[in-house]
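Below is one structure, written out as structure tokens; the observations come after it.
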Amino acid sequence: MIAPPPAPPSSRSPWRRVVDRLATGLIAAGGIGVIVALLAIGAFLALEVLPALLSGSLSREQVVASLTPLAWGTLKAAFWALVFAIPLALGAAIHSAAFMSQRLRSRLKPTLELMEALPGVVIGFVAGLVLAPWVERHLAGALALLLVLPPGALLAGGLWRCLPTPLRRRLPLAWAGLWLVPWLALLGLAALTLAPALEAGWFAGDLRGWLDRELGLDYASRNALIVGLAMGFAVMPSVYALAEDALSGVPASLGEGAQALGASRWQTLWKVVLPTAAPGIFAAVMIGAGRAVGETMIVLMASGNTALMSLSPLEGMRSMAAGIAIELPEAVPGSDPYRLLMLAALLLFLFTFLVNTLAEAVRDRLRRRYRRLGGGA
Amino acid sequence: MSRAVRSGARRARLPRGEGPWAWLAAGSVALSLLLLGGLLTLIAVSGLGHFWPASVSLLELDDGRQLAGRAVRELPLPEGEGRERLYFTGNRDLDGQVWHWLAVERIAASERPPELVVLERRRFGDFIGRLVAVVPADRVQAAAAAAAADEPEAWAALGSRLDALEALRAERETLRRGVILPLVRQLEADPEDRAARRELAQANARARVLAAAMQGEVAILESVDGRRLVQPLDEVLRAWRPNAMSLPEKLGAWSRGLWRFLSEGPRAANTAGGVWPAIFGTVLMVLLMSVVVTPFGVLAAVYLNEVAHQGRLTRWVRIAVRNLAGVPSIVYGVFGLGVFVYGIGGSLDEWFFDEQLPSPTFGTGGLLWASLTLALLTLPVVIVATEEGLARIPVHQREGALALGATRLEMLARVVLPMAVPAMLTGVILAIARAAGEVAPLMLVGVAKLAPQVPVDGEFPFLHLDRKFMHLGYHLYDTAFHGDDVQAAMPVVYATALLLVLVVLVLNLTAIFMRHHLRARHGALPRH
């Protein structure tokens with residue numbers, strides 16, 4: 001980075017110069033070696049797969065027939081994970097960038113970082129062995145929870161406006177992320193208690209039967225919604241962290257200008273901050289998608305692992321990562337199934353690498369744009 | 001929204017309403033915290049509750065049947081009114097099953113008599129019922145005929161006998177480890193050694209005496225519905241009377257149970273007992289991994305940040321390294337299997353261990369390959385964290401060192417690297433946390449369901465890099481999904497999950513605090 005200035009010969013013994021050259025060379029060689037070893041992963045996978053593909057020993061039909069269900073399962077799981085993760089993550093990022101008190105924010109970020117660090121195997125276990133049987137038994141309750149919680153937050157906002165001012169100062173929006181927790185828990189409990197009665201009234205007491213009769217939906221205990229919820233939980237923190245970085249990186253002068261012209265904080269956010277940060281948020285979602293596609297243990301434990309190709313969110317699937325984890329230890333090296341799994345790994349690698357590179361490039365440009373905007377103000 | 005603007009002027013003094021979307025955004029923060037808190041609470045409560053000596057109820061059903069067990073959970077009946085409760089009743093050898101679902105309304109009476117005992121046994125799991133007598137094995141017939149039992153006396157006898165058995169077991173274990181195994185190894189090396197042979201015969205005789213002493217006694221047990229059972233005491237690990245225990249006693253039993261979970265090996269196809277081998281395997285694997293990943297990660301980061309020409313190529317390499325952190329772990333597992341296990345391991349076997357082929361030595365998954373794979377997986381984490389730390393160090397520090405006549409190496413070694421140590425440690429801790437929780441790649445490169453031998457022992461070369469090992473995360477997955485009775489394994493699974501989560505969270509918290517400390521020391525300096 002900084003070249004050592006030419007020093008007067010007397011200040012350096014030749015020995016020191018030799019050692020310095022040698023060490024620099026070693027560091028360079030070692031560093032390049034490590035980086036090459038890392039990048040060799042892609043090269044290895046390509047070398048394992050491409051000859052077989054080019055020489056035709058893996059026929060096109062074979063590849064399509066065995067990988068399509070896996071690819072479908074992967075995309076389905078990732079889609080439902082993002083359906084759960086994106087609203088949660090973006091909502092949390094918006095709230096913490098625009099409204100949240102600085103103190104709470106500095107505590108929330110590490111907390112969500114901890115959430116990101118929870119091992120996939122633990123989340124998968126809870127999803128597959130605790131959540132899935134519970135939802136199967138309390139389908140109506142789970143549905144009621146999903147339907148009650150978002151309006152519950154709105155209701156809190158509505159009630160808040162009716163509160164007397166002193167109480168309103170006690171419960172500021174800046175801390176809403178914290179004091180809404182007991183409120184939502186309470187609403188959730190209420191929804192769970194009321195759910196059986198509602199189920200009896202609307203669905204003749206049997207929501208699963210009703211789904212089967214009226215919509216023709218088969219309910220599998222370990223299904224895409226469970227996987228989506230669990231994986232959404234796992235992916236949400238990383239999307240949040242990146243989106244929050246993008247939002248809070250927007251130069252403050254832009255937001256201040258909008259507010260000086262009379263915009264509310266939400267309007268500032270919606271009309272000024274979000275459009276500026278949009279590429280960063282896009283990058284955050286892309287990285288979330290990359291994680292969701294590659295996550296293995298959660299899908300393995302919560303999806304049932306049957307290679308179905310159905311659109312229904314209430315049925316299971318098998319993803320590429322889970323397929324590799326199950327089948328590769330048994331596959332004979334060099335055989336066709338082995339090469340197919342290698343191809344699946346190559347596809348996963350390429351997909352996540354491209355998606356991440358795209359996201360990283362977008363973030364890089366965004367960072368430079370912020371610097372320009374911030375510097376010009 | 002437009003309403004908010006119009007009324008904005010009027011409300012300027014009040015805390016201003018922000019419209020519905022702001023509340024939805026706040027709600028999503030609250031919901032995330034709720035989910036996280038719920039998950040952690042569930043794991044903590046279920047994981048720690050497993051060790052609590054819960055009270056045992058004696059139930060009388062409406063048809064007169066009697067049953068003893070501890071309530072596990074309660075659910076509404078699938079059809080119709082009312083609720084049903086799941087009882088753990090033990091006694092697999094008498095009933096053939098250990099679980100009973102009972103409709104709550106069928107329970108006519110429920111009490112908690114203090115004399116009910118719970119025995120933890122090596123086979124058939126727990127026994128729940130009454131203790132009749134403890135007698136020598138040859139007097140079973142006579143004692144069984146005697147109907148009325150003196151319960152407190154039998155309980156006291158059971159306690160002292162179990163303590164004696166524990167002492168015998170410990171003696172046998174020290175004999176096996178300290179005398180027999182070394183002698184066997186000595187004889188393997190030199191089969192002609194007569195003195196050793198004689199000593200071994202003596203030790204074996206002593207072991208047989210001990211074994212006979214252990215099998216000398218039996219307990220006569222009675223289930224609450226009156227069926228008798230003769231239980232060799234040798235197979236009883238522990239006995240307690242939960243209904244007669246006071247709170248401090250229960251707390252004591254709880255902490256002892258926790259300790260046993262951490263310090264013992266698994267039993268009964270991993271559904272009972274402890275996780276010590278899995279803890280050991282995880283720690284050892286992670287240690288080996290950090291030994292590999294730290295120097296190489298730091299080397300690559302120093303090269304990228306301090307030595308390489310900062311051009312377009314370096315920027316692209318930096319982005320690529322960052323992206324490798326996002327490549328799915330299973331892909332690293334595939335790489336490890338293909339390159340380390342089949343490639344390098346296969347060649348090593350051909351060159352050095354060809355007398356053992358076709359059974360592979362290094363050509364199969366093992367500790368070494370698992371550590372290397374995870375080292376590769378965590379390299380980007382260490383590189384990125386170290387680079388961040390290096391970039392935070394102000395340029396004038398480097399310039400000052402160079403201006404005083406230091407060479408680049410001296411500048412790096414005496415000024416830059418010491419300042420970047422917290423960043424490196426942060427990276428390594430994050431890498432360890434990631435590796436400790438990672439399971440998918442390990443399934444391909446060397447984790448085992450049950451490894452009878454830990455990879456470290458007294459045999460040369462002491463650290464066996466080619467052995468398979470147990471891992472907490474895989475233990476959790478395997479016990480939860482491949483067991484016969486998932487319901488019975490659930491407590492162990494929860495406890496393992498709690499342990500894993502604790503390890504990972506503590507490591508991450510350490511990293512977060514170190515990073516915080518680092519930022520506070522150097523301030524938020526812009527890059528370059």
Side-chain angles (χ1 to χ4, degrees), chain A residues 1-2 4 7 11 16 20 23-24 27-28 30-31 34-35 38 41 44 48 88 91-92 94-95 99 110 114-115 117 119 121-122 125 129 149 153-154 156-157 161 168 172 176-177 180-181 184-185 233 264-266 290 294 296-297 321 324-325 328-329 333 345 348-349 352-353 356-357 360, chain B residues 4 8 15 17-36 296 299-300 302-303 306-307 310 317 319 322-324 326-328 330-331 334-335 338-339 342 379 398 402 405 407-409 433 437 439-440 443-444 473 476-477 480 497 500-501 504-505 508 512:
Chain A
M1 202 165 69
I2 305 163
S11 75
R16 277 172 67 202
D20 183 49
T24 311
I27 291 175
V34 170
I35 291 162
L38 268 177
I41 295 174
F44 158 76
E48 284 276 316
L88 267 186
I94 286 172
H95 182 69
F99 302 109
L114 285 186
M115 185 168 158
V121 66
V122 172
F125 148 66
L129 284 188
L149 290 182
L154 288 183
R161 292 175 76 107
R168 227 194 280 185
L180 275 179
V181 172
L184 288 185
F233 181 84
S264 73
R265 276 186 293 176
W266 178 262
T296 313
M297 290 320 282
I324 296 173
L328 194 57
L348 273 182
F349 177 81
T352 46
F353 200 83
N356 287 353
T357 308
E360 199 62 41
Chain B
E18 294 288 345
W21 295 102
W23 288 96
L24 275 183
S28 58
V29 174
L31 188 59
S32 316
L33 292 179
L34 191 63
L35 282 176
L36 179 64
F296 284 110
L299 203 63
V302 167
Y303 169 72
E306 306 285 329
V307 178
Q310 300 294 312
V317 167
I319 289 182
R322 232 165 250 259
N323 289 347
L324 282 170
V327 166
I330 188 82
V331 173
V334 172
F335 180 78
V339 171
Y342 291 148
L379 254 180
R398 298 187 181 89
L402 291 179
T407 62
R408 194 199 318 246
L409 177 66
V439 179
M443 292 165 72
L444 302 181
L476 167 62
Y477 164 70
L500 191 58
V501 167
V504 171
L505 287 195
N508 270 286
I512 287 175

Check the pair B/Leu299 / A/Ile27 against side chain to side chain contact (heavy atoms under 4.5 Å, CB included), numbers first and verdict last.
CA-CA 6 Å; B/Leu299 203 63; A/Ile27 291 175; 4.3 Å; yes
Greatest number of non-hydrogen atom pairs under 4.5 angstrom with chain A, of B/Leu409, B/Leu33, B/Ile330, B/Asn323, falls to B/Asn323
Applying a strict 4.5 Å limit to non-hydrogen atoms, the region of B/Val334 in contact with chain A is both
To check you understand the geometry: which heavy-atom pair defines the closest contact between B/Gly437 and A/Pro119, and what is its length?
O-CB, 3.7 Å
Looking at A/Leu154, A/Ile41, A/Leu328, A/Leu348, which one has more heavy-atom pairs under 4.5 Å with chain B than the rest?
A/Ile41
If you count heavy-atom pairs under 4.5 Å between each of B/Gly338, B/Gly326, B/Ala30, B/Ala480 and chain A, which one has the most?
B/Ala30
Let's test your reading of the structure: which of A/Ala156, A/Ala28, A/Ala185 forms the most heavy-atom pairs below 4.5 Å with chain B?
A/Ala28
Determine the option with the most heavy-atom pairs under 4.5 angstrom with chain B, choosing from A/Gly30, A/Pro333, A/Ala345.
A/Pro333
Tell me, for B/Leu31 versus chain A, whether the close heavy atoms (under 4.5 Å) come from the side chain, the backbone, both or neither.
both
Test A/Leu114 against B/Ile512 for side chain to side chain contact (heavy atoms under 4.5 Å, CB included), laying out the working first.
CA-CA 9 Å; A/Leu114 285 186; B/Ile512 287 175; 4.3 Å; yes
Sequence-distant partners of B/Phe296, ring-ring contact (aromatic ring centres under 6.0 Å, His included), two or more places apart
none
Could you check which of A/Gly290, A/Gly177, A/Pro329 has the highest count of heavy-atom pairs closer than 4.5 Å to chain B?
A/Gly177
Contact summary for A/Leu88 and B/Ser32, nearest pair of heavy atoms
CD2-OG, 3.8 Å
So how far is it from B/Leu324 CG to A/Asn356 CG, rounded to the nearest 0.5 Å?
9.0 Å
How close do B/Ala26 and A/Ala176 get, counting heavy atoms only, and between which atoms?
CB-CB, 3.7 Å
Residues B/Val29 and A/Ala92: closest non-hydrogen pair is CG2-CA, 3.5 Å
Please determine, among A/Gly294, A/Pro172, A/Pro110, A/Gly157, the option with the most heavy-atom pairs under 4.5 Å with chain B.
A/Gly157
Can you say whether the rings of B/Trp21 and A/Trp266 are parallel (under 30°), tilted (30 to 60°) or perpendicular (over 60°)?
parallel
How close do A/Val121 and B/Gly473 get, heavy atom to heavy atom, and via which atoms?
CG2-O, 3.5 Å
If you tally heavy-atom pairs under 4.5 Å against chain B, which of A/Thr24, A/Leu149, A/Ile94 wins?
A/Thr24
Going by the rule ring-ring contact (aromatic ring centres under 6.0 Å, His included), which residues pair with A/Phe353 if we only count those two or more places apart in sequence or in a different chain?
A/Phe349
Closest non-hydrogen contact found for B/Asn508 with A/Ala117 is ND2-CB, 3.0 Å
Interchain contact, B/Ala433 with chain A, by part (heavy-atom threshold 4.5 Å)
neither
Under 4.5 Å to a heavy atom of chain A? For B/Val317 that would be side chain
For chain A, which of B/Leu35, B/Leu500, B/Leu36, B/Val501 has the most heavy-atom pairs under 4.5 Å?
B/Leu36
